[in-house]
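Data first, discussion second: the structure below is written as structure tokens.
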Amino acid sequence: MRSDTANYREIFLNDLPMMDARAPVEFAKGAFPYTVNLPLMTDIERQKVGTCYKQHGQEAAIALGHQLVSGDVKAARVEAWVAFAQANPQGYLYCFRGGLRSQIVQQWLKEAGIDYPRVKGGYKAMRTFLMETTQDAVAQCDFVLVGGLTGTGKTEVIAALANSLDLEGHANHRGSSFGKRATPQPPQIEFENRLAIDILKKRAAGFDQFVLEDEGRIVGSCSVPLELYQGMQQYPLVWLEDSFESRVERIRRDYVVDLCAEFIVTHGEEQGFPLFAQRLRQSLSNIVKRLGGERYQRMAALLDQALDEQARSGAVDLHREWISGLLSEYYDPMYAFQRDSKAERVEFAGDQAAVLQYLRERRSAQR
């Protein structure tokens with residue numbers, strides 16, 4: 001039999017599967033990759049046991065728990081745990097603190113003929129380990145940011161580097177007012193966990209310098225960990241440049257062609273395009289106050305024309321009009337101001353090829 005473990009590093013480096021015995025409401029707030037929620041108790045059962053514990057103490061609460069999870073209910077849950085254990089012989093189970101719930105699951109599995117190890121300290125200890133992983137990296141590693149006007153391809157630079165941390169990828173959001181994807185963002189805790197595991201794996205591979213996109217504190221609905229965001233206000237900056245025409249084409253591809261395809265894959269042919277069109281209109285509406293009424297009405301009319309033509313013929317050429325206007329009248333002045341405010345931190349500027357070469361040479365020089 002494999003022993004219970006407190007080797008959280010091994011778990012996350014090797015993407016070991018885990019069975020989460022917490023209630024669904026706890027799991028929904030945030031969990032770890034390769035984890036399946038197979039709770040000992042439902043949310044309602046957990047609430048009843050918790051109330052009993054407060055009113056009558058632990059012994060009465062445990063007795064109520066056994067009463068609620070018995071007979072056919074218990075048999076069905078044990079069957080699900082057995083199936084997971086058999087399908088994932090290298091995995092582990094855990095609850096919130098590695099205490100009573102995971103011990104009960106472990107005992108019932110043993111009675112069903114399966115010895116299955118649990119994570120000592122449970123979710124709380126693993127979560128603490130991951131938060132400390134990020135904190136340690138901020139304290140010990142070197143960071144550099146990639147900035148640039150909207151549409152210069154900062155995400156492409158991040159994707160091309162082995163030592164990058166993709167904040168937008170982990171947040172499932174492109175970072176701008178138009179950045180929502182067809183699929184939802186992860187909970188905050190899950191975003192932080194994904195980022196920490198990425199850091200853990202890259203540090204284990206020998207990286208001690210990381211490249212990040214120059215982001216705000218919030219990526220959609222996900223907040224960059226405070227210690228990292230504070231560091232990002234001081235890290236050196238590499239500025240990515242590209243022509244206006246190339247930027248318009250990249251935005252048209254990412255935010256129109258690719259996003260429309262995402263919606264169709266996610267929601268089907270019939271619903272996909274209307275939901276995509278609704279998303280674009282809502283994204284523009286979200287910045288109406290910053291655009292001002294007249295400019296918003298003009299951009300919205302151009303967007304409507306482009307969407308109507310796309311729905312009718314599939315052509316996406318008309319989208320260049322509102323994208324060009326939005327860049328020249330809104331995003332570029334805003335980013336130019338930010339560039340000026342960060343000028344002292346810019347250590348290199350160039351096109352995508354030059355920036356990639358510089359960042360790779362920078363990493364090699366610091367090894």
Side-chain angles (χ1 to χ4, degrees), residues 12-13 33 130-176 179 181 185-186 191-220 222-242 246-247 250-251 254 335 338-339 341-367:
F12 295 120
L13 282 180
L130 290 179
M131 288 192 293
E132 289 174 350
T133 294
T134 300
Q135 291 162 5
D136 290 346
V138 171
Q140 298 164 9
C141 297
D142 178 50
F143 290 82
V144 59
L145 305 179
V146 177
L149 298 175
T150 302
T152 49
K154 298 183 288 291
T155 301
E156 294 165 23
V157 169
I158 295 298
L161 294 169
N163 64 322
S164 64
L165 298 173
D166 187 358
L167 295 174
E168 292 184 1
H170 292 309
N172 194 36
H173 194 283
R174 287 195 174 100
S176 71
R181 312 297 294 247
Q185 290 193 253
F191 164 69
E192 293 172 6
N193 290 345
R194 290 179 186 180
L195 174 61
I197 292 168
D198 191 11
I199 292 170
L200 181 73
K201 288 180 176 180
K202 287 187 167 78
R203 293 198 74 182
F207 294 111
D208 57 7
Q209 181 193 101
F210 294 107
V211 180
L212 298 166
E213 185 170 338
D214 187 21
E215 301 278 2
R217 176 77 203 276
I218 309 295
V219 184
C222 295
S223 299
V224 176
L226 181 59
E227 62 275 4
L228 180 58
Y229 179 70
Q230 288 173 335
M232 289 168 71
Q233 308 317 296
Q234 296 146 14
Y235 297 147
L237 195 61
V238 171
W239 196 259
L240 182 60
E241 298 172 340
D242 203 354
S246 180
R247 291 164 51 219
R250 184 177 285 108
I251 290 171
D254 291 348
Y335 273 77
Q338 292 179 7
R339 166 73 159 80
S341 69
K342 300 172 183 177
E344 292 181 357
R345 291 160 50 203
V346 176
E347 61 179 34
F348 183 83
D351 64 15
Q352 189 169 119
V355 163
L356 282 170
Q357 181 180 353
Y358 174 80
L359 288 170
R360 287 173 177 138
E361 289 175 352
R362 189 183 193 276
R363 180 166 68 88
S364 298
Q366 295 191 9
R367 281 178 179 171

Student check: side-chain heavy atoms of Arg247 and Leu149 closer than 4.5 Å: yes
Per-pair distances, 0.1 Å, donor-acceptor, side chain in residues 224-237, under 3.5 Å, sequence neighbours excluded:
from   : atom 1 : to     : atom 2 : distance (Å)
Gln233 : NE2    : Tyr229 : O      : 2.9

Write out all pairs satisfying side chain to side chain donor-acceptor pair (under 3.5 Å) with one or both partners inside residues 132-145, taking only residues at least two apart or from two chains. Gln140-Arg203, Asp142-Gln209, Asp142-Arg362
Should Leu195 and Leu130 count as side-chain neighbours, where that means a heavy-atom distance under 4.5 Å? no
Listed by chain and number, what are the side-chain contact (heavy atoms from CB on, under 4.5 Å) partners of Thr150, not counting sequence neighbours? Ile251, Leu327, Tyr331, Tyr335
Of all residues at least two apart in sequence or in a different chain, which pass the side-chain hydrogen bond (donor to acceptor under 3.5 Å, both in side chains) check with Glu215? none
Any side-chain heavy atom of Val238 within less than 4.5 Å of one from Leu145? no
Below 4.5 Å, heavy atoms only, C-beta onward: do Ile158 and Val211 meet side chain to side chain? yes
Please report the C-alpha distance between Leu212 and Val146 in whole Å, then the side-chain angles of each, then the deciding distance to 0.1 Å, and finally whether the side-chain contact (heavy atoms from CB on, under 4.5 Å) criterion is met. CA-CA 6 Å; Leu212 298 166; Val146 177; over 6 Å; no
According to salt bridge (charged side-chain N to carboxylate O under 4.0 Å, His left out), does anything in residues 158-167 pair up with another residue at least two apart or in another chain? List the pairs. none
Could you work out, with side-chain contact (heavy atoms from CB on, under 4.5 Å) as the rule, every residue matching Ala160, not counting sequence neighbours? Leu356, Arg360
Taking C-beta and beyond as the side chain, do Phe207 and Arg363 meet within less than 4.5 Å on heavy atoms? yes
Do Gln352 and Asp242 have side chains that get closer than 4.5 Å, going by heavy atoms? no
Please report the closest heavy-atom contact between Pro186 and Ala171, naming both atoms and the distance. CD-O, 3.4 Å
Mind checking what makes side-chain hydrogen bond (donor to acceptor under 3.5 Å, both in side chains) contact with His173, not counting sequence neighbours? none
Apply the test side-chain contact (heavy atoms from CB on, under 4.5 Å) to residues Lys201 and Leu13: give CA-CA distance (whole Å), side-chain angles for both, the deciding distance (0.1 Å), then the verdict. CA-CA 6 Å; Lys201 288 180 176 180; Leu13 282 180; 4.0 Å; yes
Residues which pass salt bridge (Lys or Arg N to Asp or Glu O under 4.0 Å) with Arg339, listed by chain and number, not counting sequence neighbours: none
Ala137 and Ile199 have their tightest heavy-atom pair at CB-CG2, 3.6 Å
Asp254: partners by side-chain contact (heavy atoms from CB on, under 4.5 Å), with sequence neighbours left out: Arg174, Arg250, Asp258
Please report the C-alpha distance between Asn163 and Lys202 in whole Å, then the side-chain angles of each, then the deciding distance to 0.1 Å, and finally whether the side-chain contact (heavy atoms from CB on, under 4.5 Å) criterion is met. CA-CA 7 Å; Asn163 64 322; Lys202 287 187 167 78; 5.6 Å; no
With sequence neighbours left out, what residues match Arg194 under salt bridge (Lys or Arg N to Asp or Glu O under 4.0 Å)? Glu190
Begin with the C-alpha distance, continue with both residues' side-chain angles, and end with the deciding distance and a verdict on side-chain contact (heavy atoms from CB on, under 4.5 Å) for Val355 and Asp351. CA-CA 6 Å; Val355 163; Asp351 64 15; over 6 Å; no
Contact between Gln338 and Asp214 at the side-chain level, heavy atoms closer than 4.5 Å - yes or no? no
With a 4.5 Å heavy-atom cut-off, do Tyr358 and Glu347 have their side chains touching? yes
I'd like to check the ring pair (Phe, Tyr, Trp, His ring centres under 6.0 Å) partners of Phe191; sequence neighbours left out, ordered by chain and number. none
Using modelled atom types only, decide if a donor and an acceptor are shared between the side chain of Lys154 and the backbone of Leu240 within a distance under 3.5 Å. no
Under the salt bridge (Lys or Arg N to Asp or Glu O under 4.0 Å) test, which residues partner Glu192, sequence neighbours left out? Arg127
